[in-house]
Number of protein chains: 2
Amino acid sequence: MSSEETLKRLALETLEQDADRIVQLIRVQMDNLTMPQCPVYEEVLDTQMFGLSKEIHFAVRLGLIDREHGRSILADLEKQVSDVHEAYYEHREQLKKANK
Amino acid sequence: MSSEETLKRLALETLEQDADRIVQLIRVQMDNLTMPQCPVYEEVLDTQMFGLSKEIHFAVRLGLIDREHGRSILADLEKQVSDVHEAYYEHREQLKKANK
């Protein structure tokens, strides 16, 4: 494998790792029942998403990943974050019912 | 030149370009006499610095630049931002004296 291919693979793995880390961060927040409406939470999530989008844009400019792939990493992450949010709300609803 | 060397050079040029862009942004803010004490200004600067540090860290992890070089890009930028701030305050002091 050429060094360029190795770099491209490494770039992709690194970006996906970072996206996973953001999902983990969100999960930990949800598990600790920190409210997603909390402004600090929103800010942390926005900052992390901004950081990842900077990395992706940088990788695209270097030709290490194509623009479309970069977009799909961010879109997948947004989907996962929204799934975690939904699971959190559902869980909260169930707790409310159980406590009635 | 090997494709890896080309990539390393491109990575460095891209990071330096981004650092320059932040300095330009600060200059424009100062020229428009936006106060550096303004919280929105601080936030914009912090966000931009955070974005650049993410790009640098990403490039370091890919082995495109070494850690030390990455640090020096950020340190240079901080120095330049502080120079622009100082020039702004001096200019303001001179305006005050001229208006007396």
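Order of the sequence lines fixes the chain letters, A, B, ..., with proteins taken first and strands second; residue numbering starts at 1 for each chain. Here the structure is a predicted model, which means the values were calculated and not measured.
Heavy atoms of A:Leu64 lying under 4.5 Å from chain B belong exclusively to its side chain. Interface remark: A:Thr47 contributes backbone and side-chain atoms alike to the contact with chain B (heavy atom separation under 4.5 Å).
In this structure, NZ on A:Lys54 lies 14.0 Å from CZ on B:Phe58, to the nearest 0.5 angstrom.
Looking at heavy atoms from C-beta onward, A:Leu62 lies out of side-chain contact with B:Leu62 at the 4.5 angstrom threshold.
Follow the hydrophobic side-chain contacts under 4.5 Å out from A:Phe50 and you never reach A:Val81; the two are in separate clusters.
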Listing, residues 70-79 of chain B side-chain donor-acceptor contacts under 3.5 Å, not counting sequence neighbours, or none:
unit_1: B:Arg71; atom_1: NH1; unit_2: B:Glu68; atom_2: OE1; d: 2.9
unit_1: B:Ser72; atom_1: OG; unit_2: B:His69; atom_2: O; d: 3.0
unit_1: B:Lys79; atom_1: NZ; unit_2: B:Asp83; atom_2: OD1; d: 2.9
unit_1: B:Lys79; atom_1: NZ; unit_2: B:Asp83; atom_2: OD2; d: 3.1

All N/O donor-acceptor pairs, side-chain side in residues 14-22 of chain B, below 3.5 Å, sequence neighbours left out:
unit_1: B:Thr14; atom_1: OG1; unit_2: B:Leu10; atom_2: O; d: 2.6
unit_1: B:Asp18; atom_1: OD1; unit_2: A:Arg61; atom_2: NH2; d: 2.7
unit_1: B:Asp18; atom_1: OD2; unit_2: A:Arg61; atom_2: NH1; d: 3.1
unit_1: B:Asp18; atom_1: OD2; unit_2: A:Arg61; atom_2: NH2; d: 3.3

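For chain A, the option among B:Glu4, B:Glu13, B:Glu55 with the highest count of heavy-atom pairs below 4.5 Å is B:Glu55.
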